[in-house]
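Every heavy atom of this structure was used, including side-chain atoms; hydrogens, water molecules and symmetry mates were not. Numbers restart at 1 for each chain; the letters A, B, ... are given by sequence-line order, proteins then strands.
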There are 2 protein chains.
Amino acid sequence: MKPYLKNYDRNKSEHPRVTVNIVIFTIKDEELKVLLVKRIVEPYKNSWALPGGFIKINESLEDAAKRELFEETNVKNIYLEQLYTFGDPNRDPRTRVIAVTYFALIKNENINLKAKNQAKELQWFNVKKLPELAFDHKKIIDYAVQRLKYKLEYTTVGFKLLNKEFTLTELQRVYEIILNKKLDKRNFRKWIKPLVKRTNKKVVHGVGRPAWLYVMKNNLKFIWRK
Amino acid sequence: MKPYLKNYDRNKSEHPRVTVNIVIFTIKDEELKVLLVKRIVEPYKNSWALPGGFIKINESLEDAAKRELFEETNVKNIYLEQLYTFGDPNRDPRTRVIAVTYFALIKNENINLKAKNQAKELQWFNVKKLPELAFDHKKIIDYAVQRLKYKLEYTTVGFKLLNKEFTLTELQRVYEIILNKKLDKRNFRKWIKPLVKRTNKKVVHGVGRPAWLYVMKNNLKFIWRK
DNA sequence: TGAATAGTGTCTTTCAGACAATATGCC
DNA sequence: GGCATATTGTCTGAAAGACACTATTCA
């Protein structure tokens, strides 16, 4: 028996324990990235894992997710959605742990990592180039990516990854990066135009024609395509 | 303090407890119905509730759902899908209980209730005419109905409520009952035809022209419409 | 004026929705 | 032949997809 297991006896604890884990996505350097924490204790010491922790006894699941999120990223008020609950009896070698997972979308420039995390090692990873992951966290991330791709097509989640004001090129890049395919510029604009409103501001990138800034229409429903 | 609460101290139990609850749907008497159990103990004694119970320490969530399902309906091998996890700290007045919920679809004629349930009172209820429900089970059922409606349009869940062989009229009724609206017969058939294969059998209802029996195409993916 | 990026319209195909007449089997 | 139910096709409008040129700014 591994030494870190000697304090755990699966049959001793009558009830399972419950964690909340969050798949936090952002787009950075033209890639879809997920935030991981390096584990400093066994099991899976030195592996990367999803942020998360045990739920407190008087805290709702969503509050727990928000708390974890804030602890890692120092950001509040971001998009958060329950993903799935993973409960395989052997997913944690110590004892029975059920993981209620969430996914979150965060704007790159809001991020101020480590403000509160001097101790923990935190890092963004391209979802296509993940390191060795602890527990079943690889499966969780894959599931979250799938959900994100899916929701992109009929909800407004895509906007959650951008600032309030954005150019249509930026928005198209969000879609292309997540869906992992090139889109036709004219068709994309035709499709997305009903959701956005042009401001009277332009942004200059130094070279090329300046782009108009757009905002999301304010009376837009979250699910907006049948 | 209510008498049934005196054995519970919220702050004493460090960990939450975890139940699995199942929303079991069927179509019967031209209505979408859900299976409920009458509670014989406090809290919510004599209210109706979703089948379910505490998870066993070495059982996966899905196995727990299957076990509950079999205990109530005596049926195995039916469609089962994880729905959502409800974890409000006060959803159960005794102590912190997190409910991992599932939804199941069952063919009416497979049902043999009470074979194993002499003691419990079990009943099918029209989802539009639900009785007073225990805990937050009303919310759970509403959520499940929503999910079912939604999935009907782009997956093959609709077929899970019918026998292997069915008529197109029966299939259309399933859609109409769940979506709660009348559909055009010709448009429905145009839409559904790519998913089904006609057998060489007919069924006679005693009056009117006999209908062909169809089966689901066998290489059909579960998600089949983008 | 050349390089770089932003912005725009037409045609074709596909799919959804409206709509009614004919076919089959039983009595 | 009358009744009850099953089966089938066309037209129209909307949306998706293929496709290429012009506009604006800076160096």
Within 45° of the axis and under 6.0 Å from the centre of the six-membered ring of A:W191, does NZ or CZ of A:R225 qualify?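 A:R225 over A:W191 ring: yes.
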On the ring face of B:W124, is B:K33 found with NZ or CZ under 6.0 Å from the centre and within 45° of the axis?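 Relative to the ring axis of B:W124, which defines the angle, B:K33 lies outside at least one limit.
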Indicate yes or no: does B:E81 engage B:K151 in a salt bridge with an N to O separation below 4.0 Å.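 Yes, this pair counts.
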Between [N] and [X], counting only base atoms on the nucleotide and side-chain atoms on the residue, is there a donor-acceptor pair under 3.5 Å?
X      : N      : result
B:K202 : C:dG25 : no
A:K190 : C:dT10 : yes
B:R209 : D:dA4  : no

To the nearest angstrom, how far is [X] atom [atom1] from [N] atom [atom2]?
X      : N      : atom1 : atom2 : result
B:R186 : D:dT8  : CZ    : P     : 12 Å
A:L183 : D:dA16 : CG    : C1'   : 12 Å
A:L213 : C:dA6  : CG    : P     : 12 Å
A:E153 : D:dA16 : CD    : P     : 11 Å
B:N187 : D:dA14 : CG    : P     : 16 Å

D:dA16, OP1 or OP2 - any side-chain N/O from A:W191 closer than 4.0 Å?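 Yes, within the criterion.
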Could you work out which one of [options] sits closest to the side chain of [X]?
X      : options               : answer
B:K185 : D:dT5, C:dG9, D:dA6   : D:dA6
A:A211 : C:dC26, C:dA6, D:dT24 : C:dA6
B:T169 : D:dA6, D:dG9, C:dT24  : D:dA6

Hey, which of these two, A:R189 or B:D184, hits DNA chain C nearer its 5' end, going by closest nucleotide?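 First, find each residue's nearest nucleotide; the 5'-ward one identifies A:R189.
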Look at the side chain of B:K217 and the backbone N and O of B:K197, then say whether any donor-acceptor pair between them is shorter than 3.5 Å.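 No; judged by distance alone, with no hydrogens or angles, the pair does not exist.
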